[in-house]
Amino acid sequence: MRYLAIIGIFMAVLRSGHAQNYIFNRLSIGDGLLSNNISSVWQDKTGYLWIGSQSGLQRYDGATMRTIHYERTDQMISDRDGRVWIRSGNKVGIFDPRSFSVDYVPYENSGEVFNPNRIWLKKDASGKIFLVLTGRNCQYFDEKKKGFSKAASPFQVPANLLITDVVEDPAQNRYWMLALNGFGYWDKKTHSYYSASHNPFNDPLLKDPLTPAAVSRLYIDKENRFWMAEASRMESRFLCFDGKKKKYTTRALVPDDQQGDYFEVYGFGNFEDSITVAYGLNCFRAFQNKLFSDLRSAANNPYGIQFNSISGILEDRERLLWVATDNGLFYTSGNKHDYVRIILSQEKHRGTISSLIEDGQRNLWMSTWGRGTYVFSGGLQAAAVKELNNLDSYTKFVWALCADDRQQIWAGCDGGRLARYDPLRKKAGLYRPEAFENNPVRQLIKDDEGQLWAGLQNGDVFVFDPGNPRKMERAFRLGGPVSRMVRVGKDQLWMAVNGRGLFVADMRQKKIIRSIGKQNARSGLITGIRDILPLDDGTCLIAGEKLGSVNTRSFHVDFDYLPTGQFRGQLFTLQKDRDNNIWIGGSAGIFKLNTSTRILTRYSQQDGLITVHNNSYVPERSLVLSDGRMAFGGNQHLVVFNPEEYKTSARPPDVTITGFELNDRYLPADSLLKLKTITLPYVNNAFGIDFAAISFVQRGRLTYEYKLEGLDTGWTIITSSPRVKYNFLPHGQYRFLVRARNEEGQYSATITELKLRIRPPFWRTVWFYALVVSAGAAILFYLHRLRLQKLLHIEKVRNRLARDLHDDMGSTLSTINILSTMAQKTPDEEKSRQYLGTISRTTHQMMEAMDDIVWSINPVNDNIGKILARMKETAGTVLEPRHIDYRFEVDPSVPELHLPMEPKREIFLIFKEALNNIVKYADCTVVVFNLSKKGGTLTLTITDNGVGFETTAAGSAVRGNGLKNMQSRAAGLKGKLSVISAPGEGTTVSLSVPIT
């Protein structure tokens, strides 16, 4: 049996029953829902829970509530082909859970539907989707026309039948037709419609007089029971027809205490294969084991379900029942667990549970501070111990209980009282030892010799024989309130003293053998110990602000027994179960610590275990019963449960990547997971990954481990929300790995992976490297070309110098040689002088040519300023002896220009040639030399006022060898030479040369 016990003010009242043992959990707006008015709930193959409301559609993975669709969602349903159908008001469409898009589908008479509650999506037994326009017709989906139509329906009904629902009955090969104005079925074999007025085959349901004329809801369960709700404006009836026995079962009708309550049934469902559930307006009822129960709870029940209407239910793949209500989304695991919950009524007298013990007859004794002592039999039938409670006013304020060797119960009370109760004779006695000086008795414990030890509020510890309680022996004076006394081994007594620390005594010698205070423990936490638990031969655990351990040999204290951050709040009580797991009661509830894996698991009403709802229940006292069950009590609540039922045996499901955020922008993970590798940019690559092992049963009891291969060397454990974030990773290939682990240390069967690639910056790409190599090769080739050009240029200069020296020097020297020979041989003195004059002139010309060659190859003379100086020198040498005036007009920017050797030499030679022509032919008195620069062109203009000559065409100059040489030299410079002249008008020679 499962029990729910509630203790009254003066006596214990026990109530039992199935429905009351259902513990419901609620999700609301505070948990992330868009609205508390839930319209639909559906689970996909991955395990996601989809929650629809008038505010939109959300997806829930147990950790994150993510909004997917902001349009109202009234229904979600999947067909036999795996398509997901969604109804939003009067619109019906196919929903893609990967892209989160909806493709709306047309249906007949859609323009006449204005009330969204008058249209419903349905699925028949074969998985086909159809649409019911309430009070109008039924339309099936036509795969060819991609729309709903009456013609696609597999049956025909009378035209006047106002259809409200269709329920397929595969066992009888028929469709049951529910209508506002009738009830009947369409037979697949005869292709005919039958009703109570047309029942040639005497169908037992149609001919039974209890069958309503109009049925609003119909559900056929696995046992061939027909669950029906009558359509009536006056009252609602809830009926069940047994198809096997062919009669109505009266036990399924509304219970007597609920007759006359108005309700409407919106639908039926199945839970745990054997429980039929009806839900709707003011209706939530379950039929199980021939019992009919109302699952609604009182408004003040924090563990129940409160609502006005229920729009749908869902049993998920882990056998949790989800209930969509107008007051949020509720869920329950049913009544799988065997537990007892005791609640002390606080209406007139407050009472806080202060101590728990079990006697030799396996009775559970519970003391309270304010309401005395209670005893529970093996079946946990509760009774107040009146004889003990009524001894005086102080015996209602009990701090500690203890049973002696004769199984008499001792109570340490406020005001320095000791009370003794004999369960067999039901007699009680009261003692007020003077040595106690009216100090409350906070702790009682029995040693191996049968003596009792009492720890007081003032820090005194007394020992006495229960057969002679008036003889008290003070064993220790500890100087502070004794908060906990625990036997460790055979002879040691460990005592926690508020504000002082931990004291260890030898019970035989009545001697303190160790005192552990702030200095010894190196922590002030030692002064706030609330409980002590021997773990093994060498370790004791201590609970307070943190969970610590004490070595029983060296007495070394360590307060890092739990991983950092796993437990918040005060720890009050510790117990060890048969599997060596440590159960912890604290301000945050009841936890289980697996000592092998060091994993801490919190249990709550989500797991079917009432732990903490508000400050009316904080588990401060605990006890392991002889049958292995555990009792945790605090304030006015007591919970007794079997820890074996809370073992985690199921391996955690594989982790699912539930979300991906890039630069705080959510991207649908379903679409990204289709990619073999997710590629991200080098810049702005901050991303977050959400994941969850989708299990609502194990929600909050799993830990996650992850690592990013390419960055992390080991696994990282997540103790908070299952989400990781990375900021600006270096480029490269990565693999994100994640797995779940339960409290037993079992991992997910498969490690979930997500491949990522961070694109390198352009300067780290292959094409950039190729470009750099190509550019380097091009530069090297260019430098090589420059080197070759320089070598060729040098070679060209050498060849030219060789040629010039050969042509000019060689021929001139040959001429000098010939003339000198002739001068020596001729007897004529006059001719000899002529030869010597020719030799002199030739020698002078050779020296000038040599001087020009040396000047042109000297790099010091590469700027225009040096060229201009030589031009002036040459012009003065040539023109001044002939009394010809000359002047140079030069732009200010020209002298700073530099010219290579070849252009410098050629320009100077053109200048000399033009100067020689002026001297020989111009017969002028003035010559003007002009040097100017415009853009990338250098222009030399030479103008005289001589006799001029006739040119063949304007701008041309081709007569004479001198002009031809000048033209040839200008062409070699890629320049332009022009000669403008006319008889009597002088001559202008213009040379334009490109410069860089």
Side-chain angles (χ1 to χ4, degrees), residues 354-358 365 367 399-404 410 412 441-457 459-463 475-476 478 480-498 500-517 521 525-544 546-553 555-559 561 570-577 580 582-586 593 595 619-626 630-633:
S354 57
S355 180
L356 298 167
I357 65 167
E358 186 182 31
W365 292 76
S367 66
W399 286 102
L401 292 176
C402 182
D404 63 20
W410 289 81
V441 182
R442 298 288 300 271
Q443 293 287 304
L444 283 174
I445 193 171
K446 181 178 74 69
D447 63 20
D448 277 347
E449 295 178 358
Q451 298 183 105
L452 297 186
W453 295 68
L456 306 187
Q457 177 75 22
D460 289 352
V461 177
F462 290 88
V463 60
F476 315 113
L478 304 179
V482 180
S483 59
R484 194 75 172 100
M485 294 170 59
V486 175
R487 285 182 56 189
V488 178
K490 290 184 178 180
D491 300 325
Q492 286 187 2
L493 177 64
W494 288 45
M495 296 167 287
V497 180
N498 284 345
R500 294 292 308 279
L502 183 65
F503 294 85
V504 180
D506 187 311
M507 300 179 75
R508 291 185 181 273
Q509 299 180 12
K510 298 181 178 62
K511 177 181 178 182
I512 299 293
I513 60 176
R514 193 75 174 190
S515 173
I516 307 174
L525 298 174
I526 195 71
T527 62
I529 298 175
R530 306 298 293 269
D531 201 1
I532 304 167
L533 176 69
L535 181 62
D536 51 43
D537 291 340
T539 306
C540 275
L541 297 182
I542 51 178
K546 294 181 68 176
L547 183 64
S549 62
V550 182
N551 187 295
T552 58
R553 298 180 180 89
F555 297 103
H556 174 73
V557 180
D558 183 5
F559 279 100
Y561 194 81
Q570 282 274 1
L571 287 74
F572 296 116
T573 184
L574 303 172
Q575 291 296 338
K576 182 170 65 174
D577 66 18
N580 214 37
I582 307 302
W583 290 78
I584 306 170
L593 175 64
T595 53
E620 297 179 313
R621 301 289 181 265
S622 61
L623 176 70
V624 177
L625 302 180
S626 56
M630 287 188 171
F632 278 80

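Values below: every heavy atom of this structure, side chains too, minus hydrogens, waters and symmetry copies. All values reported here derive from a predicted model rather than from experimental measurement.
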Side chain to side chain contact (heavy atoms under 4.5 Å, CB included) with [X]: which residues, sequence neighbours excluded?
X    : result
T595 : L535, Y561, N580, I582
Q443 : V482, R484, M485
A543 : D531, L571, L574
R621 : L356

Parallel, tilted or perpendicular: ring planes of W453 versus F476, cut at 30 and 60 degrees: parallel
Looking at every non-hydrogen atom in both residues, tell me the closest pair between [X] and [Y] and how far apart they are.
X    : Y    : value
S549 : T539 : CB-CG2, 3.9 Å
P534 : V486 : CD-CG1, 4.0 Å
F632 : G585 : CE2-N, 3.8 Å
I529 : I526 : CG1-O, 3.3 Å
L444 : A454 : CD2-CB, 3.7 Å
T573 : P619 : CG2-O, 3.8 Å

Atom pair [atom1]/[atom2] of [X] and [Y] - distance to nearest 0.5 Å:
X    : Y    : atom1 : atom2 : result
L541 : D558 : CG    : CG    : 11.0 Å
W494 : I445 : CH2   : CD1   : 13.0 Å
D577 : M630 : CG    : CE    : 4.5 Å
I513 : L493 : CD1   : CG    : 10.0 Å
S355 : L623 : OG    : CG    : 8.5 Å
F503 : I516 : CZ    : CD1   : 9.5 Å

Would you please test L456 and V441 for side chain to side chain contact (heavy atoms under 4.5 Å, CB included) and show each step? CA-CA 5 Å; L456 306 187; V441 182; 3.8 Å; yes
Determine, stepwise, if the pair L502 / I532 fulfils side chain to side chain contact (heavy atoms under 4.5 Å, CB included). CA-CA 10 Å; L502 183 65; I532 304 167; 3.7 Å; yes
Hey, is the main chain of [Y] close enough, under 3.5 Å, to the side chain of [X] for a donor-acceptor pair?
X    : Y    : value
T552 : D537 : yes
S483 : R530 : no
S367 : A400 : no
R500 : L478 : yes

4.5 Å side-chain heavy-atom contact, V550 and V504: no
Do the side chains of I512 and M495 get nearer than 4.5 Å, heavy atoms only? yes
V463 and M507: side chain to side chain contact (heavy atoms under 4.5 Å, CB included), yes or no, with the steps? CA-CA 10 Å; V463 60; M507 300 179 75; over 6 Å; no
Mind checking what makes side-chain hydrogen bond (donor to acceptor under 3.5 Å, both in side chains) contact with [X], not counting sequence neighbours?
X    : value
T527 : none
E358 : S626
R487 : D448
D460 : N458, R474, R477

Listed partners of [X] passing ring pair (Phe, Tyr, Trp, His ring centres under 6.0 Å), at least two apart:
X    : value
W583 : Y603, F641
W399 : W369
F462 : F436

Residues 503-514 vs salt bridge (Lys or Arg N to Asp or Glu O under 4.0 Å), sequence neighbours excluded, gives E449-R508, D491-R508
